[in-house]
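For reference, the structure discussed in these notes is given below.
If you're wondering where the values come from, they're calculated on a predicted model, not measured in any experiment.
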Amino acid sequence: MDPGNNTGISVFQLLGFSEDPELQPLIFGLFLSMYLITVFGNLLLILAVSSDSHLHTPMYFFLANLSFADICFTSTTVPKMLWNIQTQSKVISYEGCLSQMHFFMLFAGLDVFLLTVMAYDRFVAICHPLHYTVIMNPQLCGLLVLVSWTISVLHSLLQTSMVLQLSFCTKIQIPHFFCELKQMIQHACSDNFLNNMVLYFAAMLLVGSPFLGILYTYSKIVSTILGISSAQGKYKAFSTCASHLSIVSLFYCTSLGVYLSSAAPQSSHASAVASVMYTVVTPMLNPFIYSLRNRDIKGALLRFSGMVSLKGTIILVLKKCR
């Protein structure tokens with residue numbers, strides 16, 4: 001393949017999971033189901049939180065933001081993959097590839113920061129319960145979300161602008177189901193040393209640091225919970241963290257799995273499969289984990305479904321009266 005200027009690039013090819021035509025309908029059906037569950041599940045969670053005044057607290061405010069980020073996160077990759085399977089095409093334009101990579105990094109980073117903010121919220125609630133309402137005031141909650149968005153956008157813009165400086169070969173085949181930053185850098189024909197350095201430095205700073213922050217907050221939380229005398233008090237304190245801890249464990253363990261698989265030789269296919277866990281499965285499980293383990297969410301969902309049913313009945317009656 002001859003190197004060429006990146007402005008001459010017209011298309012990239014996303015090879016996906018398998019080239020076997022018999023497997024395409026199965027992959028399409030599986031990912032379409034997971035995508036619909038992710039979108040409707042997280043959307044329902046957002047509507048339940050916004051419609052119930054009992055859930056207008058910092059914890060559920062951050063949860064609603066996480067659900068929104070998860071919808072956008074999954075929507076950057078899965079719809080394009082489904083479209084390619086349906087049209088039997090593996091093509092994505094150069095501009096489309098850059099856009100997908102940009103928004104993927106943005107919402108992946110936002111997920112990381114929101115999980116960290118939610119860990120801090122649980123730390124304040126359990127370790128400083130008497131000052132919780134003072135510390136976690138609406139202004140601070142809004143500021144934490146705004147900072148999370150700002151850092152995520154700036155990081156994504158930095159990485160995208162650096163990829164724009166690279167030159168690519170005339171034909172690019174990406175062994176993945178979306179345009180991942182590392183894959184883009186690896187397939188560049190020009191020198192990518194600086195890009196790799198920025199990639200690893202950003203990963204350590206923007207992923208490693210929040211993870212260490214989460215570990216620190218949970219070490220303090222566990223220490224506080226162990227100091228509670230009553231068993232009921234310990235259970236109540238732990239139950240407020242269980243859902244968040246489950247999501248954090250799932251997100252970081254699968255991300256680590258992708259990193260380890262990508263470090264192994266001949267691992268492109270394994271990395272693509274492992275990426276499904278944190279790009280699709282984790283956002284899909286988020287509403288289930290929070291709704292099944294949380295009585296407040298269950299109650300809000302029941303009240304919300306009751307409101308929807310009541311409105312539907314009223315509209316039906318009004319139509320009949322006309």
Side-chain angles (χ1 to χ4, degrees), residues 1 6-44 46 67-111 152-153 156-157 159-160 163-164 166 168-188 254-255 258 262 268-287:
M1 294 186 292
N6 55 13
T7 55
I9 296 288
S10 56
V11 293
F12 285 69
Q13 284 190 320
L14 298 173
L15 300 183
F17 299 103
S18 174
E19 296 185 9
D20 187 352
E22 295 181 358
L23 288 177
Q24 298 307 307
L26 177 62
I27 295 172
F28 181 85
L30 179 63
F31 276 86
L32 178 61
S33 301
M34 289 194 294
Y35 179 65
L36 292 176
I37 292 171
T38 301
V39 172
F40 287 115
N42 283 286
L43 186 59
L44 189 60
I46 293 171
S67 292
F68 174 76
D70 280 341
I71 291 173
C72 298
F73 184 41
T74 309
S75 297
T76 59
T77 57
V78 177
K80 178 58 180 175
M81 185 191 69
L82 295 175
W83 175 259
N84 283 358
I85 293 174
Q86 186 66 20
T87 58
Q88 297 182 355
S89 169
K90 299 180 183 296
V91 168
I92 182 171
S93 67
Y94 174 69
E95 294 79 8
C97 202
L98 283 176
S99 298
Q100 189 181 66
M101 183 191 70
H102 170 77
F103 287 108
F104 177 84
M105 287 188 295
L106 193 162
F107 292 112
L110 187 59
D111 257 13
S152 300
V153 169
S156 185
L157 285 172
Q159 296 287 6
T160 305
V163 171
L164 282 169
L166 296 174
F168 293 91
C169 301
T170 54
K171 186 179 180 182
I172 301 295
Q173 291 186 333
I174 300 176
H176 219 300
F177 67 98
F178 66 94
C179 294
E180 187 190 32
L181 174 62
K182 191 173 182 180
Q183 292 284 344
M184 293 281 288
I185 294 173
Q186 286 178 347
H187 285 82
T254 53
S255 302
V258 172
S262 63
S268 298
H269 181 71
S271 178
V273 173
S275 297
V276 175
M277 291 301 296
Y278 77 93
T279 57
V280 184
V281 176
T282 301
M284 179 183 70
L285 293 179
N286 177 37

Heavy-atom pair of closest approach, residues [X] and [Y]:
{"X": "N84", "Y": "V91", "value": "OD1-O, 3.6 Å"}
{"X": "G109", "Y": "S152", "value": "C-OG, 3.4 Å"}
{"X": "F177", "Y": "L14", "value": "O-CD1, 3.9 Å"}
{"X": "F31", "Y": "V276", "value": "CZ-CG2, 3.8 Å"}
{"X": "C179", "Y": "M184", "value": "CB-SD, 4.4 Å"}
{"X": "T76", "Y": "F107", "value": "CG2-CD1, 4.1 Å"}

Once rounded to the nearest 0.5 Å, what's the spacing between atom [atom1] of [X] and atom [atom2] of [Y]?
{"X": "K182", "Y": "I185", "atom1": "NZ", "atom2": "CD1", "result": "9.5 Å"}
{"X": "L32", "Y": "I27", "atom1": "CG", "atom2": "CD1", "result": "13.5 Å"}
{"X": "F73", "Y": "T282", "atom1": "CZ", "atom2": "OG1", "result": "8.5 Å"}
{"X": "M101", "Y": "I174", "atom1": "CE", "atom2": "CD1", "result": "10.0 Å"}
{"X": "I85", "Y": "L26", "atom1": "CD1", "atom2": "CG", "result": "10.0 Å"}
{"X": "L30", "Y": "F17", "atom1": "CG", "atom2": "CZ", "result": "9.0 Å"}

Greater than 12 external heavy atoms within 6.0 Å of F28's CZ: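 Counting neighbours around CZ of F28, more than 12 heavy atoms of other residues, nucleotides or ligands fall under 6.0 Å, so yes.
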
Check whether any side-chain heavy atom of I46 lies under 4.5 Å from a side-chain heavy atom of I71, and answer yes or no.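 Touching, per the 4.5 Å side-chain cut-off.
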
Would you find a donor on one side and an acceptor on the other, under 3.5 Å apart, between the side chain of [X] and the backbone of [Y]?
{"X": "N42", "Y": "P283", "value": "yes"}
{"X": "T77", "Y": "F178", "value": "no"}
{"X": "H187", "Y": "Q183", "value": "yes"}

Would you say the ring centroid of F12 lies under 6.0 angstrom from that of F168?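 For F12 and F168, the ring centres are under 6.0 Å apart.
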
Quick one: side chain to side chain contact (heavy atoms under 4.5 Å, CB included) partners of Y35, sequence neighbours excluded?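 Result, side chain to side chain contact (heavy atoms under 4.5 Å, CB included) vs Y35: V39, T74, S75, V78, P79.
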
What pairs with Q173 under side chain to side chain contact (heavy atoms under 4.5 Å, CB included), at least two apart in sequence or on another chain?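 Q173 satisfies side chain to side chain contact (heavy atoms under 4.5 Å, CB included) with Q13, L15, K171 once adjacent residues are dropped.
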
What residues form a side-chain hydrogen bond (donor to acceptor under 3.5 Å, both in side chains) with Q159, not counting sequence neighbours?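 side-chain hydrogen bond (donor to acceptor under 3.5 Å, both in side chains) list for Q159, sorted by chain: H155.
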
